[in-house]
Amino acid sequence: DLLSPSPIITRKKSPPNRKITDLTDAEIQERLEAQKSNIYHSFVEDNLILKQGFIDKKKGLFARRRMFLLTLGPHLYYVDPVTMTLKGEIPWSRDIKTEAKNFKTFFVYTPNRKYYLEDPEGYALEWCKAIDDLKNYYYPDET
Ligand code: 4IP
């Protein structure tokens with residue numbers, strides 16, 4: 001038995017990590033259709049939501065809890081979840097930058113403002129990565 005050839009192990013190659021920005025037009029349409037049942041859909045001008053979650057946005061002394069909506073476009077909208085009103089959006093440009101201070105606190109830099117953000121659930125790194133990935137998708141030549 002020791003002389004019999006060892007079986008050839010065929011392992012299925014794991015699929016490459018597919019990014020949300022690799023979606024085909026048909027898949028985007030499909031997801032947009034499904035997104036219509038999202039209570040925040042009406043705020044995103046029919047753009048596909050890539051990531052959403054509650055973020056405390058600090059301005060002055062106080063932080064306001066907002067539902068952040070990162071979408072294709074790109075856009076980063078924020079909505080007051082109590083009054084269900086759109087409060088604004090972090091302006092996108094090729095100069096947008098992120099910095100995670102720890103698991104909860106992160107900053108988004110735009111030419112005119114540094115946003116102080118806190119993810120109460122501790123997914124600050126994921127937020128930064130999602131924004132960075134989207135930036136690389138729309139502005140691939142930037143470093
Ligand atoms: C407000 O503070 C809120 O933080 C606003 O956030 C913010 O606007 C205001 O900054 C700031 O003065 P108070 O609620 O304590 O008054 P939000 O719009 O989410 O309610 P933005 O949208 O710009 O962060 P100013 O400088 O924009 O007025």
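One-based numbering, in listed order, for ligands and for the atoms of each.
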Would a 4.0 Å cut-off, counted as strictly less than, catch a protein heavy atom around atom 16 (O) of ligand 1?
no

If we count only non-hydrogen protein atoms and require a distance under 4.0 Å, does atom 1 (C) of ligand 1 qualify as touching the protein?
no

Per the side chain to side chain contact (heavy atoms under 4.5 Å, CB included) rule, which among Asp56, Asp80, Ile55 passes with Arg66?
Asp80

Where do Asp95 and Tyr139 land on the side-chain contact (heavy atoms from CB on, under 4.5 Å) test, with the steps shown first?
CA-CA 10 Å; Asp95 297 320; Tyr139 306 107; over 6 Å; no

Report yes or no: does a heavy atom of Arg113 sit under 4.0 Å from some atom of ligand 1?
yes

Starting from atom 18 (O) of ligand 1, what is the nearest protein heavy atom, named by residue and atom, and what distance separates them?
Lys87 CB, 3.5 Å

Salt bridge between Asp119 and Lys104, side-chain N to carboxylate O under 4.0 Å?
no

Parallel, tilted or perpendicular: which describes the rings of Tyr116 and Phe107, with under 30° parallel and over 60° perpendicular?
perpendicular

Taking atom 28 (O) of ligand 1 as the reference point, report whether a protein heavy atom occurs under 4.0 Å from it.
no

Going only through I, L, V, M, F, W and Y residues with side-chain contacts under 4.5 Å, is there a path from Met67 to Val82?
no

Using the benzene-type ring in the case of Trp, are the ring centres of Phe68 and Tyr77 under 6.0 Å apart?
no

Show which atoms of ligand 1 fall inside a sub-4.0 Å distance from at least one heavy-atom site of Arg66.
17 (P), 19 (O), 20 (O)

Can you report which non-hydrogen protein atom sits closest to atom 21 (P) of ligand 1, along with the distance?
Tyr78 OH, 3.4 Å

Which option, Arg64, Lys59, Glu89, Lys57, owns the non-hydrogen atom nearest atom 6 (O) of ligand 1?
Lys57

